[in-house]
Amino acid sequence: MGLFNNYQYGSGIPKYTQKKKGLALFFDLFFRKFWSITGLNLLFSIFCLPVFVGFLLFGYMNNTELLLGLLIVLGLIFAVTIGPAIAGMTKVMRLFLIERHSFIARDFFRGFKENFKKASIIGIIDIVTALSAYASYNVYPYCAIKYENDLFYIPMVFAFSVVLVIFVMNYYIFLMMTATDLSLKNLIKNSFALAFVSFKSNILTTIFVFVFAFLMFVILIYYPPLFLILIPAFPTALVWFIVCFNSYPVIQKYVINPYYENIGENNPELSSSVDAVDEETIFEDMGGKEKPIEKRKKNKGKRIS
């Protein structure tokens, strides 16, 4: 029993502890939720399968008509479901950030189902935006060279500026979708405003996203097997975790907190150990306040049998 007798008695865990902030909070959440983030990425990857299957079919099928039909079907499935999948992932991420318990699969599919209509529309808008950016990149430079007129670069710059704004709006629209009951119109309006209100944070987040995407592209080009291993494991959920971590405090400040202030209540998401309101209680949690328990001395007297 010597192993167990070495237990060190001490004070309990304090009920009210200082909440971490900034990078300390980020790494604390990340390491505590690492395997949950990995599982969440795996769930999200299921809804990306139409894209991977489409690439495989494009590379190996010779029947052009059948290939086109299958690609259209897969494209429609992806377009309709990718938005709700992001909403499901966002719902779980939000629970991580406000430190509420989450059952990953249950909450993912609940977020998927609850926001299906709104998220599908946003997902389709995002896909159209991405295709528009690709078209702009190919069309305007070609026209500038062909007609020897650099003015064609002006609409390209404008198109990419619009694409960038819509891209940043996604940092907020899915978080507000899962945290509030705002209409689609108000979601778009608020996310557009927040894209400019927190400009510095949005720029830093965008730089990280593009750098991370570039690294994954390099891995895809030079180490395809490693890329195939990583894709189901963590990249998308990790990037989205960072996006949500940077963006949700902005939503709390400009959207959620003002709502509770208008109704005269405190935002329950911000209730932390140091901000908790003292209430009259019968019993008080003395964690961290009690004195350490001293070990009892062994009785060396005679034992009565």
Side-chain angles (χ1 to χ4, degrees), residues 16-26 28-30 32-33 36-37 40 83-84 86-104 106-108 110-119 121-123 165-206 237 239-279:
Y16 301 126
T17 57
Q18 183 69 37
K19 187 176 181 179
K20 296 179 181 179
K21 296 181 180 179
L23 285 176
L25 176 60
F26 172 81
D28 178 60
L29 285 173
F30 174 72
R32 281 195 287 118
K33 301 294 184 180
S36 297
I37 292 173
L40 189 57
I86 296 175
M89 181 168 60
T90 305
K91 183 178 181 67
V92 179
M93 289 294 185
R94 175 177 166 270
L95 292 173
F96 289 169
L97 295 177
I98 62 176
E99 300 193 56
R100 301 290 191 268
H101 182 70
S102 172
F103 292 100
I104 307 300
R106 184 199 66 183
D107 291 321
F108 178 90
R110 181 176 292 175
F112 183 97
K113 182 179 178 181
E114 291 174 347
N115 304 285
F116 186 86
K117 184 178 179 180
K118 296 177 184 176
I121 295 173
I122 299 301
V165 171
I166 294 175
F167 183 80
V168 173
M169 287 171 63
N170 279 270
Y171 298 168
Y172 300 101
I173 197 164
F174 286 100
L175 278 166
M176 284 190 290
M177 189 183 298
T178 57
T180 68
D181 58 355
L182 293 173
S183 65
L184 182 60
K185 177 182 177 181
N186 287 329
L187 287 173
I188 294 174
K189 182 177 70 174
N190 287 348
S191 61
F192 178 78
L194 294 176
F196 295 96
V197 167
S198 187
F199 186 77
K200 182 179 178 181
S201 175
N202 294 337
I203 290 296
L204 292 175
T205 302
T206 303
V239 170
W240 200 240
F241 175 73
I242 294 171
V243 169
C244 293
F245 182 86
N246 286 341
S247 303
Y248 195 61
V250 180
I251 294 174
Q252 286 180 321
K253 180 178 180 179
Y254 292 104
V255 179
I256 299 178
N257 290 351
Y259 166 78
Y260 282 103
E261 288 173 3
N262 288 336
I263 64 175
E265 296 181 8
N266 294 322
N267 182 0
E269 294 180 356
L270 298 180
S271 59
S272 62
S273 53
V274 294
D275 300 323
V277 179
D278 293 332
E279 297 178 357

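Bear in mind that the values here come from a model prediction, so they are computed numbers and not experimental data.
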For the [atom1] atom of [X] and the [atom2] atom of [Y], what is their distance to the nearest 0.5 Å?
| X | Y | atom1 | atom2 | answer |
| --- | --- | --- | --- | --- |
| Asn267 | Asn257 | CG | CG | 5.0 Å |
| Leu184 | Met177 | CG | CE | 7.0 Å |
| Asn115 | Thr90 | CG | OG1 | 9.0 Å |
| Phe196 | Met169 | CZ | CE | 9.0 Å |
| Met89 | Thr178 | CE | OG1 | 11.0 Å |
| Arg94 | Ile251 | CZ | CD1 | 9.5 Å |

If I compare all heavy atoms of [X] with all of [Y], which pair ends up nearest, and what's the gap?
| X | Y | result |
| --- | --- | --- |
| Pro84 | Ala119 | N-CB, 3.4 Å |
| Trp240 | Asn170 | CH2-O, 3.3 Å |
| Phe174 | Gly83 | CE2-O, 3.4 Å |
| Gly22 | Phe245 | O-CZ, 3.4 Å |
| Arg100 | Glu269 | NH2-CA, 3.8 Å |

Pair Leu204, Asn246 - check side-chain contact (heavy atoms from CB on, under 4.5 Å), show working.
CA-CA 9 Å; Leu204 292 175; Asn246 286 341; 5.8 Å; no
Side chains of [X] and [Y]: closer than 4.5 Å at any heavy-atom pair?
| X | Y | answer |
| --- | --- | --- |
| Leu25 | Glu99 | yes |
| Asn190 | Tyr172 | no |
| Leu175 | Met93 | no |
| Asn186 | Lys189 | yes |
| Tyr260 | Pro268 | yes |
| Lys118 | Ile122 | no |
| Phe103 | Leu95 | no |

Ignoring hydrogens and angles, tell me if any N or O in the side chain of [X] forms a donor-acceptor pair with the backbone of [Y] under 3.5 Å.
| X | Y | answer |
| --- | --- | --- |
| Asn202 | Leu194 | yes |
| Ser247 | Cys244 | no |
| Asp28 | Ala24 | no |

For side-chain contact (heavy atoms from CB on, under 4.5 Å), just list the numbers for Phe96 and Ile104, CA-CA rounded to whole Å, side-chain angles, deciding distance to a tenth of an Å, and then say yes or no.
CA-CA 10 Å; Phe96 289 169; Ile104 307 300; 3.7 Å; yes
Quick check: Phe241 with Phe26 (ring centres under 6.0 Å apart)?
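Yes, the ring of Phe26 comes within the 6.0 Å limit of the ring of Phe241, centre to centre.
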Is it true that atom CG of Asp181 has more than 12 heavy atoms of other residues, nucleotides or ligands lying nearer than 6.0 Å?
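Not buried by this count: 12 neighbours or fewer within 6.0 Å.
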